[in-house]
Amino acid sequence: MTNSLFMRIQSRFPADLSKVLIETASGETYSYGDADNASARIAGLLTALGARKGDRVAVQVDKSPEALFLYLGCIRAGLVYLPLNTAYQAGELAYFMGNAAPIIFVCQPHREPEVSAIAKAQGVAKVLTLGTTGEGTLIDQAIAFPNDFAPVACADDDLAAILYTSGTTGKPKGAMMTQTNLWSNAATLEKLWGFNSEDVLLHALPIFHTHGLFIACHCVMLSGAKMFFLPKFDREQVMALLPRSTVMMGVPTFYVRLLSEDDFDTNVTSNMRLFISGSAPLLPETFVAFKERTGKALLERYGMTEMGMATSNPLNAERIVHTVGPALPDVDIRVCDENGDVLGTNEIGVLEARGPNVFAGYWQMPEKTAEEFRDDGFFITGDIAKIDEKGYVHIVGRAKDLVISGGFNVYPKEIETVIDEMDGVIESAVIGVAHPDFGEAVVAVIVRNDDSLSEDDVIGAIKGQLANFKVPKRVFFLSELPRNAMGKVQKNILREDYKTIFSN
Ligand code: AMP
């Protein structure tokens with residue numbers, strides 16, 4: 001790349017820089033010119049503080065326009081942006097600082113004393129603050145710097161960002177994203193999803209994650225579009241802004257919540273051209289209910305931190321329920337068995353992907369990186385999937401979720417699908433729990449809307465439909481499933497909660 005990621009994004013800004021890029025929940029607007037100037041000032045400040053190309057800048061702040069400008073300032077100065085979930089606590093921050101060795105850490109103002117102490121112990125040179133309305137030392141100090149800053153030239157494989165993956169086991173791993181990884185995915189998706197300068201994206205996702213930061217913001221900035229930037233998903237705000245929006249990107253729970261609003265209907269959605277869903281599996285009944293209520297088919301796509309997006313249902317052809325669509329034009333995918341042998345159509349195995357979007361490896365973890373790549377460059381995603389005769393991918397579950405009961409492999413998704421179809425069930429999560437006879441036993445955790453539904457009813461109904469080794473040994477009912485900020489069911493929490501039920 002002769003141009004850096006920043007230069008390429010900037011070259012797509014509208015000629016009229018007064019065009020609005022961001023409108024906040026309170027109606028404040030920020031233009032493309034504001035983003036350009038703010039990123040220059042921030043790049044100037046970070047450079048004056050000693051940050052040089054390739055240095056990491058760790059950022060744990062609330063979502064705000066200034067937080068996005070900080071991202072742009074970092075890539076403008078050739079720095080490596082490292083966003084962190086605001087939920088991370090002291091011990092986790094010490095790990096990230098020790099592992100990534102950032103030169104600067106930007107934190108929420110109220111956490112400055114705590115973060116400064118950790119930063120000192122970990123040898124991080126400088127701590128700055130940024131609050132929800134732009135207050136704090138970052139913007140205060142950046143004001144003194146000029147509105148222009150010549151973007152630092154970067155090679156294709158220079159890093160642009162490191163994103164730590166949540167990981168269900170072991171320490172979080174820092175996925176290294178290059179200039180090309182982020183640019184190629186952004187350019188592909190902006191085209192594939194038909195973004196244009198008239199679009200208004202309803203942005204209610206967090207921006208410490210690939211979905212809200214790269215997928216959403218890049219599509220907007222590459223097309224000169226505008227976005228409503230909400231601190232988080234708020235039903236009332238979203239309902240009020242949908243009539244003025246054209247595209248929404250969300251996790252499945254956003255759409256479930258919208259469907260629970262009686263007045264969520266075509267009056268609210270008539271201006272919308274596209275609803276995109278991802279980051280967690282979309283239940284078929286959500287897809288169906290959404291279509292019935294709005295007349296629109298949710299566009300489900302699939303990706304992960306390590307590769308941005310890899311597959312997507314199409315914009316202008318059939319969107320098939322319970323699939324995540326075919327591979328993106330510049331991404332190769334295949335399904336393999338555990339030895340790496342490629343499986344045929346509709347055969348279930350582990351999904352692998354290769355393309356310009358696939359990350360450069362895990363920061364400071366060459367062995368982990370080597371474990372997850374094949375010799376021919378395919379990344380082993382760890383998602384269990386099949387590819388059908390139309391080339392559409394069906395995600396069947398996570399390899400790590402696989403339950404081995406009495407020597408048999410059990411894919412939780414298969415059992416969850418049967419349970420979810422039962423009357424009285426809203427949703428379910430199936431996990432493996434240590435069992436003295438079977439090694440692991442299948443356990444179902446269910447959210448019901450009919451209190452008369454019992455453990456025996458569920459077990460009895462599954463018995464007729466699935467092989468005995470797949471039938472849950474126990475069934476538990478919860479009022480809701482534990483989920484993380486991206487809407488993913490946290491099966492690790494369920495496994496922990498139920499780990500001793502067969503040992504007493
Ligand atoms: P993350 O790295 O946090 O983005 O999580 C990536 C994981 O989310 C993938 O490996 C999948 O297990 C899951 N995921 C993302 N999109 C989908 C989808 N549309 N359907 C099912 N699982 C998904």
Side-chain angles (χ1 to χ4, degrees), residues 83-85 87-88 161-170 172-177 181-182 185 189 193 205-216 249-256 275-284 286-287 290 297-314 319-328 331 333 335 348-353 357-359 362 372 379-387 392-402 411-414 416-417 420 427 429 483-492:
L84 294 168
N85 189 329
Y88 285 131
I162 296 179
L163 264 62
Y164 279 86
T165 60
S166 30
T168 45
T169 51
K173 298 169 284 187
M176 299 188 286
M177 307 309 296
N181 291 156
L182 298 183
N185 214 226
L189 295 173
W193 292 336
L205 293 160
I207 57 166
F208 51 71
H209 186 270
T210 187
H211 191 171
L213 180 61
F214 301 139
I215 310 305
M249 288 187 196
V251 294
T253 32
F254 287 10
Y255 299 117
V256 172
F275 287 94
I276 303 176
S277 176
S279 285
L282 180 70
L283 291 174
T286 308
F287 180 94
F290 201 89
L298 282 164
L299 184 154
E300 186 171 13
R301 90 298 176 283
Y302 156 84
M304 64 195 293
T305 301
E306 286 90 334
M307 55 184 184
M309 289 306 99
T311 76
S312 172
N313 268 285
R319 296 178 198 158
I320 301 180
V321 61
H322 224 180
T323 80
V324 293
L328 301 187
V331 179
I333 53 165
V335 168
I348 293 179
V350 176
L351 188 70
E352 301 187 357
N357 57 321
V358 174
F359 74 132
Y362 295 112
E372 300 198 16
F379 166 57
I380 306 165
T381 65
D383 285 308
I384 311 278
K386 63 176 184 179
I387 304 175
Y392 280 54
V393 176
H394 303 235
I395 304 289
V396 180
R398 279 293 295 164
K400 286 186 204 110
D401 287 342
L402 181 75
Y411 297 112
K413 190 71 185 270
E414 187 185 0
E416 288 160 6
T417 306
D420 291 347
E427 60 173 344
R483 286 199 141 83
N484 70 10
M486 297 311 296
K488 288 188 222 302
V489 175
Q490 292 169 300
K491 289 197 172 176
N492 50 332

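Every number for a ligand or one of its atoms is a count from 1 in the order of the listing. Note that these values count all heavy atoms, side chains included, but never hydrogens, waters or copies made by symmetry.
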Please determine whether any non-hydrogen atom of [X] lies less than 4.0 Å from an atom of ligand 1.
{"X": "Asp383", "answer": "yes"}
{"X": "Val324", "answer": "yes"}
{"X": "Met486", "answer": "no"}

Are any of the N/O atoms on [X], whether in the backbone or the side chain, positioned under 3.5 angstrom from an N/O atom of ligand 1?
{"X": "Thr305", "value": "yes"}
{"X": "Thr165", "value": "no"}
{"X": "Glu306", "value": "no"}
{"X": "His209", "value": "yes"}
{"X": "Thr381", "value": "no"}

Closest approach of [X] and [Y], non-hydrogen atoms and distance?
{"X": "Ala385", "Y": "Val393", "result": "CB-CG1, 4.1 Å"}
{"X": "Met307", "Y": "Ala353", "result": "SD-CB, 3.8 Å"}
{"X": "Thr381", "Y": "Leu351", "result": "OG1-O, 2.6 Å"}

Student check: side-chain heavy atoms of Glu306 and Val358 closer than 4.5 Å
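Answer no - side chains too far apart.
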With a 4.5 Å limit on heavy-atom distance, are the side chains of Phe208 and Leu213 in contact?
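Result no, sub-4.5 Å side-chain heavy-atom pair not found.
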For Lys491, what residues pass the side chain to side chain donor-acceptor pair (under 3.5 Å) criterion, not counting sequence neighbours?
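For Lys491, the residues satisfying side chain to side chain donor-acceptor pair (under 3.5 Å) (neighbours in sequence not counted) are Glu416.
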So, using side chain to side chain donor-acceptor pair (under 3.5 Å) as the criterion, who are the partners of Asp383 when residues are at least two apart?
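Applying side chain to side chain donor-acceptor pair (under 3.5 Å) to Asp383 gives Tyr302, Arg398.
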Please work out whether any backbone atom (N, CA, C, O) or any side-chain heavy atom from C-beta onward of [X] is under 4.0 Å from ligand 1, and answer side chain, backbone, both or neither.
{"X": "Ser277", "answer": "neither"}
{"X": "Pro281", "answer": "both"}
{"X": "His211", "answer": "neither"}

Given the side-chain rings of Phe379 and Phe359, with only the six-membered ring counted for Trp, is the space between their centroids under 6.0 Å?
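Ring-ring flag for Phe379/Phe359: true, centres closer than 6.0 Å.
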Under 4.0 Å from a heavy atom of Glu300: which atoms of ligand 1 are those, numbered in the order shown and with their elements?
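Counting from 1, the qualifying ligand atoms are 18 (C), 19 (N), 20 (N).
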Contact atoms of ligand 1, heavy-atom distance to Arg301 under 4.0 Å
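Listed by number with element: 16 (N), 18 (C), 19 (N).
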To the nearest 0.5 Å, tell me how far Arg301 CZ sits from Met249 CE.
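Result: 8.0 Å between the selected atoms.
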